[in-house]
Chemist: 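Below is one structure. I have some questions about it.
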Amino acid sequence: MGTEPSPAAADVPEPPKGSSAAPHLILIDGSGYIFRAFHALPPMTRPDGVHVNAVFGFCSMLGRFLEQHAGTHIAVVFDSARLTFRNEFYPAYKAHRPEPPEELIPQFALIREATAAFGVSCVELPGFEADDLIAAYAKAMEAQGGQVTIVSSDKDLMQLVRDAVQLLDPIKQKPIRAPEVFEKFGVTPDKVVEVQALAGDATDNVPGVPGIGIKTAAQLITEYGDLETLLARAGEIKQPKRRETLLENAEKARISRRLVQLDADAPLPEPIEAMVAKPPEPARLGAFLREQNFRSLMARMGVGDARASIPSRVSSGPAPVVEADPAAAPFGPYETITTEEALRAFLAGVDGVLGLDTETDSLDALKARLVGISLATAPGKAAYIPLRHGSNDILNPAPVQLSLEAVLALLGPVLTDPGTLKVLHNAKYDLEVLAQPANGGIAVAPVDDTMLISYAMDAGRWSQGMDPLSEQHLGHTPITFDSVTGKGPKRITFDLVPLDAATAYAAEDADVTLRLWLKLKPRLREEKALALYEQVERRMVGVLAAMEMDGIKVDGVELRRIGDDFAGRLVTLEAECHRIAGRAFNVASPKQLGEILFDEMGLKGGKKGKTGAYSTDARVLEDLSAQGAELPKVILEHRQLAKLKSTYVEGLASAIAADGRVHTDFSMAVTSTGRLSSTEPNLQNIPIRTAEGRRIRDAFIAEPGHVLMSADYSQIELRLLAHLAEVPTLRDAFEKGQDIHARTASEVFGIPLESVDKESRRRAKTVNFGIIYGISAFGLGAQLGVAPGEARGIIDAYFRQYPGIRNEMERLKEEARLKGYVLSPFGRRLWIRDIAAKDPVLRAGAERQAINAPFQGGAAEIIKRAMVRVPQALAAQGLQARMLLQVHDELVLEVPEAQVEATAMLMKHVMEEVAALRVPLVVEVGSGKNWADAH
DNA sequence: GGCATCACG
DNA sequence: GACGTACGTGATGCCA
């Protein structure tokens, strides 16, 4: 660690002049610290492979600073996104800056964690640079009569120097006040922006006036006072060349002034009162430093016990047997804990990491009663704590067991201990169960999730269920849930399972979970999936849990009205069907309908599928209807209303909970592409495409004083196509904000853009979608209603126009063939089964999946990243909006009426800036009293 | 419990 | 030259 930056301790400045009783705010320029730390230190990694050199340097500098300086208030200020309000009027501003190095990117989040671990406030705000926030806080503190020290060597901050505000160079530990500013700029601090406006700044792309440097600028400003006066009187300047350039570049100078002028009126994301300086909590800081394996810092800061870190234990193992093979220890017998002494003794064995599982009486986490808890401290060492077993029934008396209160008194502190990592399988469920007041209301943290660890590496390869993973990775078949509870009508709830069977099942699950973690967590680094897991999947657990627990309000009375309307019309439609058919039959039975249409009425249409039954789906019925048949049309209307009534009106109504809201369950690890899915009820397929269907959306409403807001990505998958494939004209179209389907029609069908008709645009749109689905002539033909031959011609024309897209499709198929998976744009491994199948049908299907998966998966990752940031951004701005639903490219929020504008701006900004593609991301935001109106 | 159908992106 | 598909989901009702 010899190269660690060690600022000299000498010459510690006094606070700026003023009474010592006055508040003194210290503002640390976080970005400056970060880049200095990163570049000053050689690469360092944690035992799990995460790069941490900047984190180390940052902690080191911050720790040292805190030891040497005392303010009454302190905060570290960070830059949020790349783009700020300055880019709105001058896009080139800082635009040429390179992306941060790859090893640094994952460290930004850790550095924010580090700041919090030191007990110091983190401040950032999308759309504003750290410098703006510093200016705003300095102004606010000065207005309160306090003093301000800004820790930064950024010369742009020199404009802020006043009697009450000084800079402190973090390297030289040298205060910067008016004399130092004059030395640098040749003017007093209040004239610095005038000089910068003229001189410009090449590193930030601030143009200035060509040929004028700081010296000349200072001279001119000293003479004329400020930029505007100078420009107004530029004609008086004697030197002809200088006069000319000034007159020519007046506008550049004005823009430059706007670029360098810091926005002291920027909003304050956090009140100054919340920034009170306090010493770090040793437990919290120790836990963080231990997690990073910063033993020397732990020693220096005097926190925690600097022996083995959690990650290092994963690779080195607490005992040889574990390192050799997590599957080696026997699976049971396990302990049943029924006394406080036994629980104390078991918890004494907890060493940094704890396998955890809950048993309940329901799969619905929000309704579940906690029945028992199982824990595992090492492979083979697990126990079950029954809490609510047995009944009042004399035949099944409650066994001796600890009360929830007694258990939580001992276990609660472990579950919330920042130094003990809790490992669960499908953590979202257990976290929600334990968060229920009736189950203790515990906020478990920190948490790892073996289901998500597996999903980050093996999505689409195999199921992420605990039992299959145990088979796969441990070679062990766990006891099944069904075998202890029975199934079908004889199934009993878990509280009625005898304690010996309950322990064998439940403790084994905690044991298996811990062993899976030992086996899988180190693999994340090897498979380059660690960042995906840590920064996306793991953080989504809390985000989704909050969304599910919030739920969305649904108007049951409105649903009932719609249902009554549908019911009446269904009766009429059914009678109409029977009349046309000439006899009664079950309108909802495809089998009976097929027989009537094709056998009795003699319409033409073929058998289909292995079952040999007639197909009567919407496409077939529409064809028949187009040929003049009367019955299919009525059937179609009946089917539509029947679907709406059973699935949406009745299904939704029965899902309204006691709080008047519907709480879906988002599945985090079921899709092969990285998307979420939604069940019980599915709120990702609420109707929108037809007018009748949209009535269902009217019933999704906001609380009084609130509105629903919908923010959705426009054409995200096509933008990913333009990003991934070399397609100059598509990129151009997105850059210009053109109608992408019209542009495609123009280029593929060879018609001028302005004369593209509706039909051509529709066809082009279908082709664009087809491309993303892994186009085939047959499929496109079916969709367009043309012969495969004609579709083939369209596809050929498309690929001739966009050879880059064909190349990308071929590359993806090749990648899948070679490796068995394709990589999403953000590095998720998407496994493609059957890619090497002999069966050409199977293989062709797999190739289409290989083509589609990166687009669908890339879009899924973009919105997941946004979902992680939205709650943070809302909190930072003090907005009360709550994110309720995700529908693949759309986020639905409930927003206080007074905050609609601010929230809409924030959503657009966060979602659009979450990824930097080669084309812009565009988000459309709408709001209204219900979900239909929000679009 | 599998199949057909249809709701969404 | 033939093979039969558009990609990803979940809920419902029928029927064996």
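Below, all heavy atoms of this structure are taken into account, side chains as well, without hydrogens, waters or symmetry copies. Letters go in sequence order (proteins before strands), and every chain restarts at 1. Note that the structure is predicted; figures quoted are calculated from it, not measured.
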Chemist: Suppose you measure atom P in C:dG4 against the same atom in B:dA4; what distance do you get, rounded to whole Å?
Modeler: 16 Å
Chemist: Does a donor on one side chain sit under 3.5 Å from an acceptor on the other, for A:D599 and A:Y614?
Modeler: yes
Chemist: State whether A:Q849 places a side-chain N or O below 4.0 Å from either non-bridging phosphate oxygen (OP1 or OP2) of C:dG8.
Modeler: yes
Chemist: In whole Å, what is the span from the CG atom of A:N682 to the P atom of B:dT5?
Modeler: 20 Å
Chemist: Using only side-chain N and O atoms of A:T616, determine if any of them is under 4.0 Å from OP1 or OP2 of B:dT5.
Modeler: yes
Chemist: When the C1' atoms of C:dA2 and B:dC6 are considered, how many whole Å apart are they?
Modeler: 32 Å
Chemist: For the base of C:dC15, is there a side-chain donor-acceptor partner from A:K591 under 3.5 Å away?
Modeler: no
Chemist: Consider side chain to side chain donor-acceptor pair (under 3.5 Å). Of A:R675, A:E890, A:Q886, which one does A:Q684 pass it with?
Modeler: A:Q886
Chemist: Could you go through the side-chain hydrogen bond (donor to acceptor under 3.5 Å, both in side chains) check for A:Y821 and A:D458 one step at a time?
Modeler: CA-CA 9 Å; A:Y821 59 81; A:D458 293 326; over 6 Å; no
Chemist: Can you see whether A:Q849 engages A:S672 through a side-chain donor-acceptor pair at a distance of less than 3.5 angstrom?
Modeler: no
Chemist: Does the A:S625 side chain pair with the main chain of A:L621, one donor and one acceptor, at a distance under 3.5 Å?
Modeler: no
Chemist: Would you please confirm or rule out a distance under 4.0 Å between OP1 or OP2 of C:dT9 and any side-chain N or O of A:S672?
Modeler: yes
Chemist: For A:E717 and B:dG9, give me the distance from atom CD to atom P, rounded to whole Å.
Modeler: 12 Å
Chemist: Measure from the side-chain heavy atoms of A:N852 and tell me the nearest of C:dC3, C:dG8, B:dC6.
Modeler: C:dG8
Chemist: Verify the stacking flag for A:F778 against C:dT5: centroid separation must be under 5.5 angstrom and the ring planes must differ by under 30 degrees.
Modeler: yes
Chemist: Below the 4.0 Å mark, does B:dC8 have OP1 or OP2 next to a side-chain nitrogen or oxygen of A:R689?
Modeler: yes
Chemist: Round to the nearest Å and state the distance from A:E680 atom CD to B:dA7 atom P.
Modeler: 22 Å
Chemist: Is the distance from OP1 or OP2 of C:dA11 to the nearest side-chain N or O of A:N685 less than 4.0 Å?
Modeler: no
Chemist: As a test of reading the structure: which of C:dT9, C:dA11, C:dC7 is closest to the side chain of A:T679, going by heavy atoms?
Modeler: C:dA11
Chemist: What nucleic acid atoms does A:N586 come within less than 4.0 Å of, heavy atoms only: base, sugar-phosphate, or nothing?
Modeler: sugar-phosphate
Chemist: Looking at A:K813 and A:E810, does any basic side-chain N land under 4.0 Å from a carboxylate oxygen?
Modeler: yes
Chemist: Taking the P atom in each of C:dA6 and B:dT5, what is the distance between them to the nearest angstrom?
Modeler: 13 Å
Chemist: If the cut-off is 4.0 Å, is A:T647 near the phosphate of C:dG13, judged by side-chain N/O to OP1 or OP2?
Modeler: no
Chemist: Between A:E558 and A:R695, is the salt bridge (Lys or Arg N to Asp or Glu O under 4.0 Å) condition met? List the steps.
Modeler: CA-CA 9 Å; A:E558 173 71 12; A:R695 293 174 65 186; 6.0 Å; no
Chemist: Does OP1 or OP2 of B:dT5 have a side-chain N or O of A:Q640 closer than 4.0 Å?
Modeler: no
Chemist: Once Watson-Crick and G-U wobble pairs under 3.5 Å are found, how is DNA chain C written in dot-bracket notation, 5' to 3', with | for any base paired to another strand?
Modeler: ......|||||||||.
Chemist: Is A:S677 near enough to C:dG8 that one of its side-chain N or O atoms lies under 4.0 angstrom from OP1 or OP2?
Modeler: no
Chemist: Can you find an N or O donor on one side and an acceptor on the other, under 3.5 Å apart, linking the side chain of A:R675 with the base of C:dT9?
Modeler: no
Chemist: Tell me what A:I686 touches on the nucleic acid: a base, only sugar-phosphate, or nothing, going by heavy atoms under 4.0 Å.
Modeler: sugar-phosphate
Chemist: Between A:S646 and A:I772, which is nearer to the 5' end of DNA chain C once each is assigned its nearest nucleotide?
Modeler: A:I772
Chemist: Backbone N or O of A:E548 within a donor-acceptor pair of the A:K428 side chain at under 3.5 Å?
Modeler: no
Chemist: Of all the choices, C:dG13, B:dC6, C:dA11, which nucleotide is nearest to the side chain of A:A618 once you look at every atom?
Modeler: B:dC6
Chemist: Does a nitrogen or oxygen in the side chain of A:R848 sit under 4.0 Å from OP1 or OP2 of C:dC7?
Modeler: yes
